[in-house]
Amino acid sequence: MQLDVAVNLLESTKSHLLSYRKLETTFFSEVVDSAIASLDDRFETLGQVESKFGVLQNFPTLDDEALEKQCEELDNTLRSGEEADINGRELAMEIRNLPQLPTNRMTAFELLDFVHKKELTELYLNLWISLRIACTLPVTGHQLKETFQSLN
């Protein structure tokens, strides 16, 4: 093999590998940027949902005034014109009158299960409805964002 041909092949190979590396880096950066943007969007949407439905988990730590305010906000979120799924004032009263819970920190699903197993659905109707809605919100960010925007 001629030396100058070998050198040219090596230089060509090196050039192709460098351009491949550049393409790989650029492509990888785009994928990572897209993933980060998607995660940011999901966290933002979940934060919005938390601000509306958080009362269903944080109520043991809230004073009466904060509880009333957050229940009214949830009422407004679940309202469409004059049609309301729940009554915020009644929800606050139901939460205050809940029987002793197994633990202070329960997920919405655990609380829903507790109310169902204790057959309290008719006594705590607003809480029951709110928990069912919270537990059936879509999991993915895109679906969650569309659903949440339709609630506003």
Side-chain angles (χ1 to χ4, degrees), residues 13-152:
T13 304
K14 181 180 177 183
S15 173
H16 288 304
L17 288 175
L18 288 174
S19 53
Y20 176 76
R21 176 182 278 168
K22 184 177 180 180
L23 172 68
E24 182 180 4
T25 303
T26 305
F27 177 75
F28 182 73
S29 295
E30 292 293 324
V31 170
V32 169
D33 290 346
S34 176
I36 289 171
S38 176
L39 286 173
D40 287 344
D41 184 43
R42 288 176 190 220
F43 281 117
E44 179 184 331
T45 304
L46 288 174
Q48 291 172 351
V49 170
E50 165 63 25
S51 73
K52 302 294 183 185
F53 288 89
V55 67
L56 300 175
Q57 290 182 288
N58 302 330
F59 64 85
T61 63
L62 300 174
D63 61 33
D64 285 345
E65 186 178 321
L67 179 64
E68 292 269 345
K69 181 182 177 202
Q70 289 189 23
C71 287
E72 285 298 320
E73 287 177 14
L74 183 57
D75 179 354
N76 292 333
T77 299
L78 299 177
R79 182 177 298 278
S80 176
E82 293 298 316
E83 298 291 319
D85 290 324
I86 64 165
N87 181 308
R89 289 191 177 111
E90 289 179 10
L91 175 61
M93 189 173 15
E94 291 173 8
I95 289 174
R96 275 191 226 107
N97 294 319
L98 272 173
Q100 182 66 35
L101 298 174
T103 65
N104 270 352
R105 292 294 297 171
M106 296 177 79
T107 65
F109 186 77
E110 290 170 337
L111 187 55
L112 179 69
D113 191 49
F114 174 80
V115 170
H116 176 73
K117 284 182 178 175
K118 296 291 184 181
E119 298 179 357
L120 302 171
T121 58
E122 291 182 23
L123 290 172
Y124 299 96
L125 186 59
N126 291 288
L127 179 62
W128 175 248
I129 292 168
S130 301
L131 288 167
R132 287 187 305 161
I133 292 170
C135 289
T136 56
L137 286 174
V139 176
T140 64
H142 180 70
Q143 290 172 326
L144 188 62
K145 187 172 189 173
E146 287 178 357
T147 301
F148 185 71
Q149 286 175 345
S150 71
L151 291 175
N152 283 334

Enquirer: Between CG of Leu111 and CD1 of Ile95, what distance do you get to the nearest 0.5 Å?
Expert: 8.0 Å

Enquirer: Given 3.5 Å as the limit, does a donor-acceptor pair link the side chain of Glu110 with the main chain of Thr107, or not?
Expert: yes

Enquirer: Working note: Trp128 + Leu112, criterion side chain to side chain contact (heavy atoms under 4.5 Å, CB included); need CA distance, chi angles, decisive distance, verdict.
Expert: CA-CA 7 Å; Trp128 175 248; Leu112 179 69; 3.3 Å; yes

Enquirer: Donor-acceptor pairs are to be reported for all side-chain atoms of residues 85-93 against protein atoms at under 3.5 Å, with residues two or more places apart or in another chain.
Expert:
unit_1: Asn87; atom_1: OD1; unit_2: Arg89; atom_2: N; d: 3.0
unit_1: Asn87; atom_1: OD1; unit_2: Glu90; atom_2: N; d: 3.1
unit_1: Glu90; atom_1: OE1; unit_2: Asn126; atom_2: ND2; d: 3.0

Enquirer: Donor-acceptor pairs under 3.5 Å, side chain of residues 113-120 to any protein atom, not counting sequence neighbours: which ones?
Expert:
unit_1: Asp113; atom_1: OD2; unit_2: Lys117; atom_2: NZ; d: 3.2

Enquirer: Which pair of heavy atoms, one from Cys135 and one from Ala108, lies closest together, and at what distance?
Expert: SG-C, 3.6 Å

Enquirer: For Gln48 and Ser51, work out which heavy atoms get closest and say how close.
Expert: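 What the structure gives for the nearest pair is O-OG, 2.7 Å.
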
Enquirer: I need the minimum non-hydrogen distance between Arg79 and Asp75, along with the two atoms involved.
Expert: NH2-OD1, 2.9 Å

Enquirer: Which atom names give the shortest non-hydrogen contact between Ala134 and Phe53, and what distance separates them?
Expert: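 Shortest heavy-atom contact: CB-CD2, 3.7 Å.
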
Enquirer: With a cut-off of 3.5 Å and sequence neighbours excluded, list every side-chain donor-acceptor pair involving residues 54-69.
Expert:
unit_1: Asn58; atom_1: OD1; unit_2: Arg105; atom_2: NH1; d: 3.3
unit_1: Asn58; atom_1: ND2; unit_2: Glu50; atom_2: OE2; d: 3.3
unit_1: Asn58; atom_1: ND2; unit_2: Gly54; atom_2: O; d: 3.2
unit_1: Thr61; atom_1: OG1; unit_2: Asn58; atom_2: O; d: 2.8
unit_1: Asp63; atom_1: OD1; unit_2: Glu65; atom_2: N; d: 3.2
unit_1: Asp63; atom_1: OD1; unit_2: Ala66; atom_2: N; d: 2.7
unit_1: Asp64; atom_1: OD1; unit_2: Arg96; atom_2: NE; d: 3.2
unit_1: Glu68; atom_1: OE2; unit_2: Arg96; atom_2: NH2; d: 2.3

Enquirer: Kindly give the heavy-atom pair with the smallest separation between Lys52 and Leu74, and that separation in Å.
Expert: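 Minimum heavy-atom contact is O-CD1, 3.5 Å.
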
